[in-house]
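For reference, the structure is listed below as structure tokens.
In the text below, chain A, chain B and the rest are named by the order of the sequence lines, each starting its count at 1.
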Amino acid sequence: MPEIRDELALETQIVAEAGRGIERDRESAITERHGARTSRLRVGTWLPPLIAFAIAAGIWQWYAHGHPYAIPTFEAIWKSLKSQPGLYWSNFLTTLKEIVIGAGGGIIIAFLLAILMAELPVFERALMPLAVMLMVTPVIAIAPALVIAFGFGLFPKYLLTGIIVFFPMLVNSLAGLRAVDPGTRDVFTTLHASRWETFRYLRLPGSLPFVFAGLRIALPLSVVGATVAEFAAAGQQSGLGALIEVSASQVDLPVIWASIAILCALGIAFVVILGVIHKRVLWWDHGTEQRT
Amino acid sequence: MDRLVTGRESTPASAPGSTEASTDFGVDGGVRIDGIVKTFPAGKGRNLVLDDVSLTIGRGEFVSLIGPSGCGKSTILRIVAGLIPADSGRVVIDGEAVEAATREKAIGLVPQSPALLPWRTVLKNVELAIQVNSKASKERDLRNSEEILRSFGLGNALHRHPAQLSGGMQQRVAIARAFVFDPGVLLMDEPFSALDELTRDQQRLGLLRFWQSNRKAVLFVTHSVREAVVLSDRIVVMSTHPGRVKTVIDVGLARPRGEEGYESAGFRKVESEVRAVLREVTEPTYA
């Protein structure tokens, strides 16, 4: 059947040539898609949240004008911030210090422990129940007990902030260190990669998207931890939490809300900074980009 | 037993195998698989996946493993790669046990997915294979990573990242990574199965072209008859439940082969021969 054979030959040739064309098209399409990702300052992106914010702020102002003893107006908060910047600044620095040391320590310890658990599962079996116990215990309940045990100094605040970030960091880091592509792991195995090489080249960089997901939960939580710890030791009168506690007893609404606003801004700053670092360091991670 | 074993399979360990594939086809070259049995746990008992599978791949010989899904062809590859142990039987690679062979980096693996590190550039992904377990590759005739990528048509993509490449390009990087540290044996587990038919044909011919000038013993798992015939020296057809070697078919088409190979009468003949055996193996499903 020579005709059929020729037809098939022609088909083969067409297939091969079309294949080359498709490959080229796909390459350029992929490059274009990457280019489009950078331009995202579209009206459709920022306008809807802006409108939502404006409406929320409008309702706030309207209610504050009618009920000045329930919530203060924005002007009152702003006036308080402007009239005593030193007060807010020094209390802010105390809270920030508690977070940097407490959360920083908690995050580092949690990550190191996750590495230990990932490499030697016996540690996971031994320590995970304790970690879960720590997680399910409400920090608000521990706070006064820690103050009694460790006094009115900064230590119980570091501890509480550390405790609150510990679990989300541990669990996310552990999941990240374990989330290894099976094919890549097989390649490492047939290359007879050492344990250290597998960790350094495969597990550690592969865990970073999960570590960032953990940080996105842990850092805003650290603000909660520091504030709660300060509530419990309000006598010390340092930190924004302590300032809120004292002002609440004096029903000084503008100071309370100005402190809350600063704490809120701190949380937002953490999320924004994390987002920027995430884009810089983990540009290759398209999975979490979609998840957020 | 309808298992058809060619003379080569039953050759005693001390005797040299066929001289057809390569001039230096000694007993120490390539891969010898001897009476592999593998079971997997299934419910209370165990499921027999591979039943006494034996085959040899000569030095520089290209052998394809084909069969219906569930015949255990990927399992054979994983056993040869040292990823899972066999229940009994023996695998000898370049005259050594699998464990020793991986320690010396004698095996290049190309998994089904490209399995590239997304945070490394194409070049750095290929260099990784040299970097890891580096003392084993010291005495080796290491290929230049850039050069090898160029010959796979990836010269422009050296400093790009995997996510910026098409599936076909990613798979070529994975193949380059397996060739770069000059292992004696390459194991490929359906490397083109995730690609569309058009890209696949191209990838096959690219691999063929490269392999013909860099001969290595290859065990190539596939479910495409066309792919098996155009690439292989021999095609091992397997039957299922349990996985056994049904027939070994000598392709016997002249090398170097290329695109034009698909047209030849010889190609058609071997192709229909393989299809006939496959039909026989899969028949019970329709009966």
Review point. Tell me, which pairs form a salt bridge (Lys or Arg N to Asp or Glu O under 4.0 Å) where one or both residues lie in residues 106-121 of chain B, sequence neighbours left out?
Key: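 Residue pairs with at least one partner in residues 106-121 of chain B: there are none.
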Check your understanding: For A/Thr190, is it the side chain, the backbone, both or neither that has a heavy atom under 4.5 Å from a heavy atom of chain B?
Key ->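 Both parts, backbone and side chain.
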Review point. Is it the backbone or the side chain of A/Leu208 that comes under 4.5 Å from a heavy atom of chain B, or both, or neither?
Key: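 Neither part; nothing is under 4.5 Å.
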Check your understanding: For B/Phe267, does the CZ atom have more than 12 heavy-atom neighbours from other residues, nucleotides or ligands under 6.0 Å away?
Key ->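 Buried by this count: over 12 neighbours within 6.0 Å.
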Review point. Checking heavy atoms, do the side chain of B/Arg177, its backbone, both or neither come under 4.5 Å from chain A?
Key: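 Only the side chain of B/Arg177 comes within 4.5 Å of chain A.
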**Study point:** Set of residues satisfying salt bridge (Lys or Arg N to Asp or Glu O under 4.0 Å) with respect to B/Arg78, sequence neighbours excluded
**Key:**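 Result, salt bridge (Lys or Arg N to Asp or Glu O under 4.0 Å) vs B/Arg78: A/Asp186.
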**Study point:** Gap between atom CG of B/Leu116 and atom CG of A/Asp181 - 0.5 Å precision
**Key:**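 Interatomic distance, A/Asp181 CG to B/Leu116 CG, rounded to 0.5 Å: 9.0 Å.
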Of all heavy-atom pairs between [X] and [Y], which one has the smallest distance, and what is that distance?
| X | Y | answer |
| --- | --- | --- |
| B/Glu99 | A/His192 | OE2-NE2, 3.8 Å |
| A/Gly183 | B/Ala115 | C-CB, 3.5 Å |
| B/Gln131 | A/Glu197 | O-OE2, 3.9 Å |

Practice item. Sort out for me which of A/Val187, A/Leu191, A/Leu202 touches chain B most, counting heavy-atom pairs under 4.5 Å. Key: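 Between A/Val187, A/Leu191, A/Leu202, the count favours A/Leu191.
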Review point. Can you tell if the side chain of A/Val281 reaches within under 4.5 Å of the side chain of B/Trp119, non-hydrogen atoms only?
Key: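 No, their side chains stay 4.5 Å or more apart.
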Check your understanding: Under 4.5 Å between any side-chain heavy atoms of A/Pro205 and B/Leu117, yes or no?
Key ->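 When only atoms from C-beta onward are counted, B/Leu117 and A/Pro205 do not touch, as no gap falls below 4.5 Å.
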Check your understanding: Do you know which of B/Leu83, B/Asp189, B/Ile107 has the most heavy-atom pairs with chain A at a distance under 4.5 angstrom?
Key ->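 Heavy-atom pairs under 4.5 Å are most numerous for B/Leu83.
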